[in-house]
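See below for the structure under consideration.
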Amino acid sequence: MKNFESVADVNQLGSLIQKGMNLKADPLQAEALGKGKTLVLLFFNPSLRTRLSTEKAGINLGMSVINMNAGQGWQLEFEDGKIMNMDKAEHIREAAAVISQYADIIGIRTFPSLTDRERDYSDFILHQFMRYASVPLISLESAIRHPLQSLADLITIEEHKTKARPKVVLSWAPHPRALPQAVSNSFLEWVNRTDAELVITHPEGYDLAPQFSHGIPVTYKQEEAFEGADFIYTKNWSSFNQYGKILSQDPSWMITPEKMALTDNGKFMHCLPVRRNVVVADGVLDSDASLVIHQANNRTYAAQAVLHEILSTL
Ligand code: CP
């Protein structure tokens, strides 16, 4: 693995999930692997889980870790050929090349504009970093994907599934702000590489990008989708077709104990952060059905598995 931005970078998904579970059982087993190596993590927007879990993953592998809030006061120009006589003080060509002098692996969290769909879906910022960095790069969430979250989610499903082919439902839920589609896009492409039965439910107008949702059944009837489900993966996302818009805040789409009762003793999943009693009722989040803290814990071992793969090639 050279770079890590999507499930397409993974040769053997089952092996990577097992590697994460194996590292979880003994997190310091490979602490010699990263000795003398530096991980630089750049965050262009805030993070609790990704920042701490990836830092811990690097430390568990013996790496030195440097974190940088890249979104505040550091105005980078990402376009080539620009006359830089405005607010942008440094070009990505120099910035990525310079960071590569200090880092053996770079992690980057970028973000979508939610206004320019073409640019967002080209993952322009992430790819400009990849283009001009000379060391491996891992996505800590991009404009359109969140691969470390998805790997942690698959580890969590593997740990909790009771059937060889569980029914996994991706359900939209309301939210007061316009949120990216990245977690949902990524979840679909990662679960699609497993044997799970995958169903999407959302209100009309919330279809996800065809490159991610192609071939997956969609229903606008949330309760119908929940019937017999083993995992309810909940996430808000803004509209893809009316790009970045909030089309509904219908509270009847919130996840409740009554809806969870329609499942086959199903588990509730969410990447966090989550708005209580907007996205999901307290009665679900505080129940034994909730896997959200397990998911957050598995973020460390997902990151450790990916870093382990890349370190093994250096
Ligand atoms: N799930 C997730 O990526 O959380 P953070 O935004 O806190 O990193």
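Counting starts at 1 for both ligands and their atoms, in listed order.
- Atom 7 (O) of ligand 1 has L48 N, 2.7 Å as its closest protein atom, hydrogens excluded (heavy atom only).
- Contacts with ligand 1 closer than 4.0 Å are made by backbone heavy atoms (N, CA, C, O) of L272 only, the side chain lying farther away.
- Among protein heavy atoms, the minimum distance from atom 3 (O) of ligand 1 is reached at H146 NE2, 2.8 Å.
- Each of K88, R93, R119 was compared with E79 under the salt bridge (charged side-chain N to carboxylate O under 4.0 Å, His left out) criterion, and only R119 meets it.
- When each atom of ligand 1 is checked for a heavy atom of Q149 under 4.0 Å away, the hits are 1 (N), 2 (C).
- By the 4.5 Å heavy-atom criterion applied to side chains, T156 and M269 are counted as neighbours.
- Residues H270 and Y233 place their aromatic rings such that the two centres sit no closer than 6.0 Å.
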**Request:** Step by step, work out the salt bridge (Lys or Arg N to Asp or Glu O under 4.0 Å) result for D230 and K167.
**Result:** CA-CA 5 Å; D230 298 289; K167 179 177 176 182; over 6 Å; no

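- Near T50, with a cut-off below 4.0 Å to any heavy atom, the atoms of ligand 1 are 2 (C), 3 (O), 5 (P), 8 (O).
- Here the side chains of P136 and F4 are not in contact, with every heavy-atom distance at 4.5 Å or above.
- Protein heavy atom closest to atom 6 (O) of ligand 1, with residue, atom name and distance, is R109 NH1, 2.9 Å.
- Backbone and side-chain nitrogen or oxygen atoms of R51 are examined, and none is located within less than 3.5 angstrom of a nitrogen or oxygen of ligand 1.
- For the pair Y206 (side chain) and I246 (backbone), a donor-acceptor distance under 3.5 Å is absent.
- Every atom of ligand 1 with a heavy atom of C271 under 4.0 Å away is listed here by number and element: 1 (N).
- Closest to atom 4 (O) of ligand 1 among all protein heavy atoms lies R49 NE, 2.9 Å.
- Against a heavy-atom cut-off of under 4.0 Å, R299 is close to the following atoms of ligand 1: 1 (N), 2 (C), 3 (O).
- The aromatic rings of F44 and F111 sit tilted, their planes meeting at an angle between 30° and 60°.
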